[in-house]
Amino acid sequence: MKRHLLALSIAALLALPGCRDNPNANLDARDQPSAAANGETDTGGSRKGDFGPPQGEPIEAVLTNPPLVPPAIDRDYPAKVVVNLEVREVDLEISEGVTYTFWTFGGTVPGSFIRVRQGDTVEFHLNNHPDSKMPHNIDLHGVTGPGGGAASSFTAPGHSSQFTFKALNAGLYVYHCATAPVGMHVANGMYGLILVEPPEGLPKVDREFYVMQGDFYTTTKYREKGHAPFDMQRAIDENPTYVLFNGSEGALTGDNALKAKVGESVRMYVGNGGPNLVSSFHVIGEIFDKVWFEGGTRFQENVQTTLIPAGGAAIADFHTEVPGSYVLVDHSLFRAFNKGALAIMKVEGPENPEIYSGKEVDETYLGDKAASMAPVAQAAAAAQAGTLSLEDQVKAGGALFAGTCSTCHQPDGKGLPGVFPPLAQSDYLAKGNDALINVVLNGLSGPVTVNGQDYNSVMPPMSQLTDDEVANILTYTLNSWGNPGGRVSKDEVAKVRASTERSEGAAH
Ligand SMILES: [Cu+2]
């Protein structure tokens, strides 16, 4: 009985005129390509973008490495477009001082950006580098045909394969490797984006960027220095070590930050390779004027956070009004601040106090991501070579202290009276290395007297820091602000970590 009523009311909803066919009916018609505007005869969707055989000379597709996007297509006819994509297995940095063996389309994670026009005939060549250890193939979500090309593109190391498809549907599509074990090939970085432009193109903008999220699984801890091998069990458990934009913690921060100027229109082609997580994509301090959600034909306006499924994409447009650093995050925030899902867009130009008063909040938000991590990488390399000096440790520790400890103890180490005790000339430091390591790993609470002042507060445990991070931060502390000096080693930290208990799940 109840069921019957439900079915009736759904039928009634579907019968409402207009609202199902064109949810953007009240928006600017010029921006919403209709079947007629595309010059298509609407045959019910199945052959939407078949504009006939390719015309003119074949065109070699321009492929770009992230975060670059190939130029917009300036062509009013369907062409034959040749794509040459090379698979390479390469060791690259996934975080400062941490390498990972990525499997790539074109040598980068994500893979090369491909841009074609709806109706184009794409002749696809997949070349697997002779140094590869694995066979690979490609499934493009923009392909109509079995496996999206996967079945026709299985390619052994040192071989090439070729297949051809017609790009029938406009949109922003993920491509990925689909060789077994598929999840592992994707987890190693085998994904990218292909944009199939509608015939009239997308609205013009000043800048376009290519950003793609992915989750990574290693047998090592987050930021543990050295080589990080893939961990199949963590992948199955969907418990990533890293969640990253463009395959590395440093891909879009520091000197690699995206750059724009005040008063520009910016478009981001955002993909999510997964293999497991969905992304709550957000830019701190911006509102997307338009989001072509799910990479499709329709847009939503005035969006704060857009959901990007694993194996999906979105096109996000916004306009820059105020200079400063804008932070791209997966708004599942522990991924952003504890697993790396954070990128920065630096906007330069004149202040605009009518829209925003000024005063930057970067430091508190970004923590150590705002500082240059070059000294950390240098210390990691020195430690590996067995030449780690006191100076290396102090420099690396200083970069890590910014944001990690400075939010409470302040950049000058003086703390805040009555709230956060000082580290500068603190008599607590005389308790010795083990006591200091213990405070950082396990936190401190209850009454404590520092330089004659009583405190009774809580410092949270920071066991998520690696042994060498704790060693470097404390070495920096001991050698700064007129403190007596000294040195803490990674091994000392490891010992305290092993000999003290912390609750299950307290960071690794
Ligand atoms: Cu593969």
Side-chain angles (χ1 to χ4, degrees), residues 61 63-66 83-94 99-114 122-143 145-165 173-194 210 212-219 227-236 238 240-248 251 271-277 309-313:
L63 303 184
T64 56
N65 291 343
V83 174
N84 262 293
L85 194 56
E86 185 182 57
V87 172
R88 279 192 281 153
E89 300 169 2
V90 285
D91 279 7
L92 297 171
E93 199 160 72
I94 191 167
T99 56
Y100 185 85
T101 304
F102 292 96
W103 299 348
T104 73
F105 287 109
T108 56
V109 178
S112 310
F113 197 107
I114 307 167
V122 182
E123 182 184 292
F124 207 102
H125 299 256
L126 192 69
N127 312 305
N128 193 354
H129 195 279
D131 291 345
S132 294
K133 296 191 172 59
M134 297 284 157
H136 300 284
N137 66 4
I138 193 165
D139 167 353
L140 298 115
H141 292 178
V143 167
S152 322
S153 61
F154 183 85
T155 312
H159 287 73
S160 299
S161 49
Q162 180 188 335
F163 64 100
T164 300
F165 67 93
Y173 296 97
V174 167
Y175 65 77
H176 63 90
C177 183
T179 303
V182 180
M184 178 180 179
H185 283 250
V186 173
N188 283 342
M190 298 201 78
Y191 45 76
L193 292 179
I194 176 169
Y210 172 22
M212 199 158 179
Q213 184 170 322
D215 26 296
F216 297 87
Y217 304 82
T218 67
T219 57
H227 189 74
F230 171 71
D231 187 331
M232 189 66 168
Q233 191 56 49
R234 284 191 77 155
I236 292 168
E238 305 191 14
T241 323
Y242 295 90
V243 182
L244 302 171
F245 293 121
N246 290 7
S248 165
N272 183 8
N276 287 319
L277 303 186

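Side-chain atoms are counted along with the backbone in the values below, which use heavy atoms only and exclude waters and symmetry mates. For ligands, and for the atoms within them, numbers begin at 1 and follow the listed sequence.
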Legend entry - Distance-only polar pair, side chains of His227 and Thr99, donor-acceptor under 3.5 Å: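 Note: His227 and Thr99 side chains meet the donor-acceptor criterion.
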Inset, instruction - Report yes or no: do Thr101 and Asp91 form a side-chain donor-acceptor pair below 3.5 Å? - result: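 Checked: Thr101/Asp91 side chains pair up, N/O donor to acceptor below 3.5 Å.
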Inset, instruction - For the residue pair Phe163 and Phe124, categorise the inter-ring angle as parallel (less than 30°), tilted (30 to 60°) or perpendicular (more than 60°). - result: parallel
Legend entry - Atom of His136 nearest the Cu ion (ligand 1) (restricted to N/O/S, atom name only): ND1
Legend entry - Shortest-distance N/O/S atom, His185 versus the Cu ion (ligand 1):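 Minimum-distance N/O/S atom of His185 relative to the Cu ion (ligand 1) is ND1.
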Inset, instruction - With the Cu ion (ligand 1) at the centre, find the angle made by SG from Cys177 and SD from Met190, to 10°. - result: 110°
Inset, instruction - Tell me, please, if Thr179 has any N/O/S atom, main chain or side chain, under 2.8 Å from the Cu ion (ligand 1)? - result: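 False for Thr179.
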Inset, instruction - Verify the ring-centre separation between His176 and His185: is it less than 6.0 angstrom? - result: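 Judged by ring-centre distance (under 6.0 Å), His185 and His176 do not meet the cut-off.
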